[in-house]
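The figures here come from the full heavy-atom set of this structure, side chains too, leaving out hydrogens, waters and symmetry mates. In listed order, ligands and their atoms are each counted from 1.
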Amino acid sequence: MRILPAALAACLLSTAAPVLAETLVIHADGVIADADSAPLGRSTVTVTDGRIVSIVDGWAEVPEGAQMVHLEGKTLVPGLIDLHVHLTGDPGGDFWRGATEPAEWGVVVGAKNAEKTLKAGFTTVREAGSAQHTAFALRRGTAEGVIQGPRIVAAGPPLAIVGGHGDVSGFLPEVNEILSSGYSCTGAVECAEKARRASQNGADTIKITATGGVLSQQGRGLEAHFTDAEMKSIADTAHSLGLDVMAHAHGARGIEAAARAGIDTIEHGTYIDEAAAKVMRERGTYLIPTLMAFKGVTEGLGKGIYTPVVEEKIRAVADTAQVFMGKAHRWKVPIAFGTDAGVFDHGRNAEEFALMVGQGMSDREAFASATTVAAKVLRMENEIGRLAPGYSADIIAVEGNPLEDVTVLEDVDWVMVRGRVAD
Ligand SMILES: [Zn+2]
């Protein structure tokens, strides 16, 4: 055991002095602890120091000194999880703003969007790509309660091929170079280095753009852009650091190659076919369908929001977007909830549920995809995604039963994250 200098030891002792526990008691007319449990009736949930300590039948007495929240007519459900958001951006921004807006502006936009997202009932989000340290700053801000917002699991800048989706394109060569995040890579060795760099700089997860993308200015299709060797290198390196990899992927062969390389989640997955689905199923690769992204960009067509190259790509994916998740579901690919908020207005995240049900998921499955299943994807299934003693007090209140009609989650009346009530 290390010997502590006396001054430090004294300091540790003083901070270890007992702090009065903060207890909050919630009375509600129903509780849905998780997607697999039968709804409970009138209940009392007790929260101490940010954690659920008990859920009991009926409205229990409130102990002295405890705060009390009375939610008559409401049902408590676990806070929702969105595995794909971009808090630091709003939809419809001209691509050249990348050359005129500093990264710091993203933190301001992100603070606004974090609050919107929380009030929509999302108590945990995975930040799927942002400029440099902006998402990490937000992550700290919500964790420490400096700003209101969900718990943030952040990727930071995505790894991309040079000039591909996630890197910079559409400017003069010298401008492209200046604007690049520094996370593009070529070859297995450099890609491994960039994955380590992302980890060093604070990434909780590694985001890569495995194929071309719809909203970037590059017009090189939607198929695989990284080589198999590069993707395997990124996956192996990330896993050796205890990090998962999320891969933006549209084209079928790009999806299949990413899953085969050991990537953990496929974001979008638009052109998934049976061969790609088979590899995903065998490897346990999750699909994060982001159906709201397709809806959002389609709503913006023909309004002069997008450049011609982007308009063409949006039109090309519009029909497939209506059916691909349903196919993946029938092929038994594991599916978890993610929206790509930022491509459409933040706060509309829960509209994704209706789109999932529209493609053949049951209400219960859709609810699970944003709670227990999403928690499992984040390897946080012992912390979030259900209401149980010992879990983080991430709780929302709604009217109605999301197991029978998941769209009741579009209207959230009350939100608590890590034991803190959103105002
Ligand atoms: Zn995205």
| said: Any N/O/S atom from His86 (main chain or side chain) under 2.8 Å of the Zn ion (ligand 1)? | reply: yes
| said: Donor-acceptor pair, distance only, cut-off 3.5 Å: does the side chain of Asn349 make one with the backbone of Gly347? | reply: yes
| request: State whether His268 contributes an N/O/S atom found under 2.8 Å from the Zn ion (ligand 1). | output: no
| query | Is the centre of the Phe353 ring less than 6.0 Å from the centre of the Phe337 ring? | reply | yes
| request: Would you tell me whether Thr290 and His268 have side-chain atoms, one donor and one acceptor, within less than 3.5 Å of each other? | output: yes
| request: Tell me whether Asp340 has at least one N, O or S atom under 2.8 Å from the Zn ion (ligand 1). | output: yes
| query | Between His225 and His165, does the ring centroid distance fall short of 6.0 Å? | reply | no
